[in-house]
Every structure is written in structure tokens, then in C-alpha cells.
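One structure is given below, encoded as C-alpha cells.
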Amino acid sequence: MKPPLSKDSPLVLASSSRYRAELLSRLGVPYTQDAPSIDESARDGEAPYPLALRLATGKAQSVAARHPGRWVLGSDQVPSLAGVVFGKPGTRANAVAQLRNFSGKAVEFHTAVALVASGVPITAVDLTIVRFRVLGDAEIERYVDAEVAYDCAGAFKAEGLGITLFEAIESRDPTALIGLPLILVRRLLAEAGAALP
């Protein structure tokens with residue numbers, strides 16, 4: 001049995017992402033961060049949902065191995081269009097190319113969370129559908145110059161200027177698109193027995 005979450009035994013967020021850290025802070029749960037060390041490459045033919053789930057679980061387990069006896073939370077987000085998986089762009093050219101691909105289309109974002117609390121991970125996945133406006137090249141260029149989002153799945157920041165790229169967002173959890181679905185995180189913590197505010 002894991003000790004209750006406290007300042008002396010905080011949750012470990014298996015991520016170096018400042019976006020996920022900012023989101024997790026909203027729950028008022030004490031936590032620290034530790035970056036996972038896993039290969040995040042998709043396997044041949046791997047679909048978006050199982051990829052997101054595998055990566056979130058792998059991150060949590062990787063960090064849990066370094067923190068025995070602690071609660072560890074992992075998360076991963078995989079955007080896909082017509083079954084094709086897109087990674088983080090990494091460069092301006094890749095960001096422009098991704099947004100050109102997404103223009104006028106509905107893109108699925110699978111955001112998985114995995115909590116290691118007593119050996120076997122408990123998991124959940126949120127599906128958000130982003131419907132992009134038809135975007136001209138000049139508009140895309142202006143966006144990528146105004147808001148650098150090369151480290152973000154989908155090449156945008158929904159919490160920033162990226163929201164202007166969309167026609168609509170279909171989701172059960174508005175925090176999922178930013179990278180950590182807090183409704184699911186709260187549910188997993190409660191299922192594992194955490195006392196939450």
C-alpha cells in the first residue's frame with residue numbers, strides 16, 4: 001500500500017513538461033517532476049490510441065522504477081489525421097507542414113494517463129477532436145512566427161494564440177488538449193485511494 005500523498009511523499013509527475021506541471025498544480029496535489037527515459041517512437045502500424053496508452057504507461061513505469069513506494073503519473077498525447085500519427089514538430093518547417101496538413105480537417109488527439117500506485121498501472125484515454133479552419137500559407141506563417149510551439153503535439157498551443165486556428169473543439173475535458181486531462185487524472189487518483197481536496 002502506498003503512503004498517502006503529502007509534502008513528504010508527493011506524487012511524481014513523469015514528465016519534464018512545464019505545460020503538464022502547470023495543469024497538475026490546479027488539483028492542489030503535492031508533486032515533484034522526474035523526466036522519463038523511454039523511446040517514444042511509434043511501432044510499425046501502431047494506431048494512435050494504443051500508442052498514447054503505451055507511452056503514458058511506459059513513462060510512468062520508467063519513473064516508478066526510480067521512485068519505489070511513490071505514486072507516479074505518466075501522460076502522453078498523440079495527434080492523428082486519417083489514422084496517420086504526427087509527432088511534435090521540433091522545427092519551424094515541420095510545424096508549418098503539420099498545420100498545412102491539418103488545414104480544414106478534423107484531427108484526433110488521444111491523451112492518455114497512467115498512474116502507478118500499487119504495482120499495476122491504472123489508465124485512461126481522452127479523445128479530443130479539433131476541427132481546423134481552412135488556413136492559408138500566410139496565416140500559418142504568421143502563427144508559427146508569433147507563437148513557437150515546436151515542442152507541442154499538433155504544432156500549436158490551444159491555451160494561447162493557437163485557439164484562433166480552430167473552427168471547433170469536441171472534448172469531454174478542456175485540459176486534455178493542453179496535455180493532461182485533469183478530469184481523468186482526478187478519477188485515477190480517487191480510484192487509487194488518494195484523498196483529494
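Computed from a predicted model, the values in this text were never measured in an experiment.
- If you chain together hydrophobic residues whose side chains sit under 4.5 Å apart, I178 and L27 fall into the same group.
- Q77 and R20 get closest at one heavy-atom pair: N-NH2, 3.7 Å.
- Residues K105 and R131 fail the side-chain proximity criterion, which asks for heavy atoms closer than 4.5 Å.
- Using modelled atom types, no side-chain atom of E141 and backbone atom of A138 make a donor-acceptor pair closer than 3.5 Å.
- Grouping the Ile, Leu, Val, Met, Phe, Trp and Tyr side chains by contacts below 4.5 angstrom, directly or via other members, places F102 apart from V85.
- No donor-acceptor pair closer than 3.5 Å links the side chain of T111 to the backbone N or O of G179.
- Taking the side chain as every heavy atom from C-beta outward, L81 and E108 never approach each other to under 4.5 Å.
- Ring centroid separation for the pair F109 and F156 comes in under the 6.0 Å cut-off.
- Within the model, atoms CG of L184 and CZ of R186 stand 11.5 Å from one another, a figure rounded to the nearest 0.5 Å.
- Between the side chains of D173 and S171, not a single donor N or O lies within less than 3.5 Å of an accepting N or O.
- Remark: L115 CG to R187 CZ distance equals 11.5 Å, nearest 0.5 Å.
- Of all the heavy atoms in L73 and A60, the pair that sits closest is C-CB, 4.4 Å.
- Annotation for W71 and A117: closest pair CE3-CB, 3.8 Å, computed over non-hydrogen atoms.
- Taking each heavy atom of G87 and Q98 in turn, the nearest pair found is O-NE2, 2.7 Å.
- Between R54 and D76, no side-chain nitrogen of the basic residue sits less than 4.0 Å from a carboxylate oxygen of the acidic one, so the salt-bridge criterion is not met.
- In this structure, L51 is not a member of the same hydrophobic cluster as Y49, with clusters built from ILVMFWY side-chain heavy atoms closer than 4.5 Å.
- Proximity of L177 to F166: side-chain heavy atoms (C-beta onward) are separated by under 4.5 Å at one or more points.
- E147 CD to I163 CD1: the interatomic distance, rounded to the nearest 0.5 Å, is 10.5 Å.
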Margin query: Show, in sequence, the C-alpha distance, side-chain angles and deciding distance for Y143 and T164, and conclude whether the side-chain hydrogen bond (donor to acceptor under 3.5 Å, both in side chains) test is met.
Written below: CA-CA 9 Å; Y143 172 72; T164 65; over 6 Å; no
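- Within the 3.5 Å criterion, the main-chain N or O of G74 finds no donor-acceptor partner in the side chain of K59.
- Considering OG1 of T123 and CG of L53, their distance stands at 4.5 Å, rounded to 0.5 Å.
- R70 places a side-chain N or O within donor-acceptor distance of the main-chain N or O of P10, the cut-off being under 3.5 Å.
- Between atom OG of residue S15 and atom CG of residue D34 there is a gap of 10.0 Å, rounded to the nearest 0.5 Å.
- The OG atom of S103 sits 8.5 Å away from atom CD of E139, with the distance rounded to the nearest 0.5 Å.
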